[in-house]
Amino acid sequence: MNAPAPVITNAHTHLELTRLASLCPSEPVEFTRWIHELIRARAGETRADVYRSVEAGIEELLACGTTHVGDITATWLSVEPLLESGLRGIVWLEVLGLNRAEALERLERAKQAILAARRHPAYGPMRVGLTIHAPYSCHPDLFREGAAWCREAQVSLCIHLAESPAEVEWLTRRSGPFLRLLQKLGVPVPPAPGLRPVPYLRSLGVLEARPLLVHMVQVTDEEIRMVADAGCAVVHCPRSNYLLNCGRMPLEKYLAAGVPVYLGTDSRASSPSLNVREEAAFARQWHGDRVPENLWEVIVSRPL
Ligand SMILES: [Zn+2]
């Protein structure tokens, strides 16, 4: 009898960005400048472009032995190819928007799409969840209502959180690079919650849905405690954090607090590959002896 294949989990990708590998910086760049370039690059893409990206991403994941993936899809077009890929894990439909009415309308459509996906014959090993993109791109009511629904309907929720210093500045003071980006994009600026990322989501009741929190670099010790108390897991994407100048995640503090940690490569637009073992090699260098030597094997083989 053959031994079961080892689990190799890449817990954070955006496979639909695979064709945008030219956006991946070779040296660290300012985070919001990279986001602006990404928005511009995506503006003219067709459905065929997106499908090509997803297929290329799936191929790359399979070629390096990945068995489980956590993928975010803003177009929602990754769902079908992932359900049929033989990969396991979760694909999260992304919703965002600072305009309340538009954001909630998009949420309604996402709910229907998620429930419909459960009827797909290949649903099970690959599940479908909801992503509410990030605090700088989403109206607070989208967080409130989306998280409440996920909790009630038992749907997996994933959020990009506490990634860059710019996000903290935006939430606490409505100033800095995000203000300049939104002004450039012509998006109306909502009032500042005056809270840092983790307390902000807690104030909206979002942590009660036990979201999977991606990045989580900009955190205090007390905020790590909040995440641990809420029973949330986090995803670490070190190469993306390094290249987008977001800083080093205090991984050793999450481990000490008992927070489950996954490793993810993020998309090819901010990471040189979708190979989570290469991510682990970079992380090993970056964190050095702050974390145990055998940690990486444990993290990479944790199924999603
Ligand atoms: Zn991401």
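What's counted below: heavy atoms across the whole structure, side chains too, no hydrogens, waters or symmetry copies. Residues: numbered from 1 along the sequence shown. Counting convention: from 1, in listed order, for ligands and their atoms alike.
- Asp71 places a side-chain N or O within donor-acceptor distance of the main-chain N or O of Leu15, the cut-off being under 3.5 Å.
- Evaluation of the side chain to side chain contact (heavy atoms under 4.5 Å, CB included) rule for Ile224 yields Val219, Pro250, Lys253, Tyr254, Ala257 as partners, not counting sequence neighbours.
- Within the structure, every pair that satisfies the side chain to side chain donor-acceptor pair (under 3.5 Å) test and touches residues 194-205, not counting sequence neighbours, is listed here: Arg196-Glu223.
- Under the side chain to side chain donor-acceptor pair (under 3.5 Å) criterion, the residue pairs touching residues 157-169 are His12-His160, His14-His160, Glu163-His215, Glu169-Ser175, with sequence neighbours excluded.
- Counting heavy atoms from C-beta outward, Trp149 and Leu157 have side chains that stay 4.5 Å or more apart.
- Shown here are the protein N/O/S atoms lying under 2.8 Å from the Zn ion (ligand 1), water excluded: His12 NE2, His14 NE2, His160 NE2.
- Put simply, the side chain of Arg239 reaches to within 4.5 Å of the side chain of Thr265, judged on heavy atoms.
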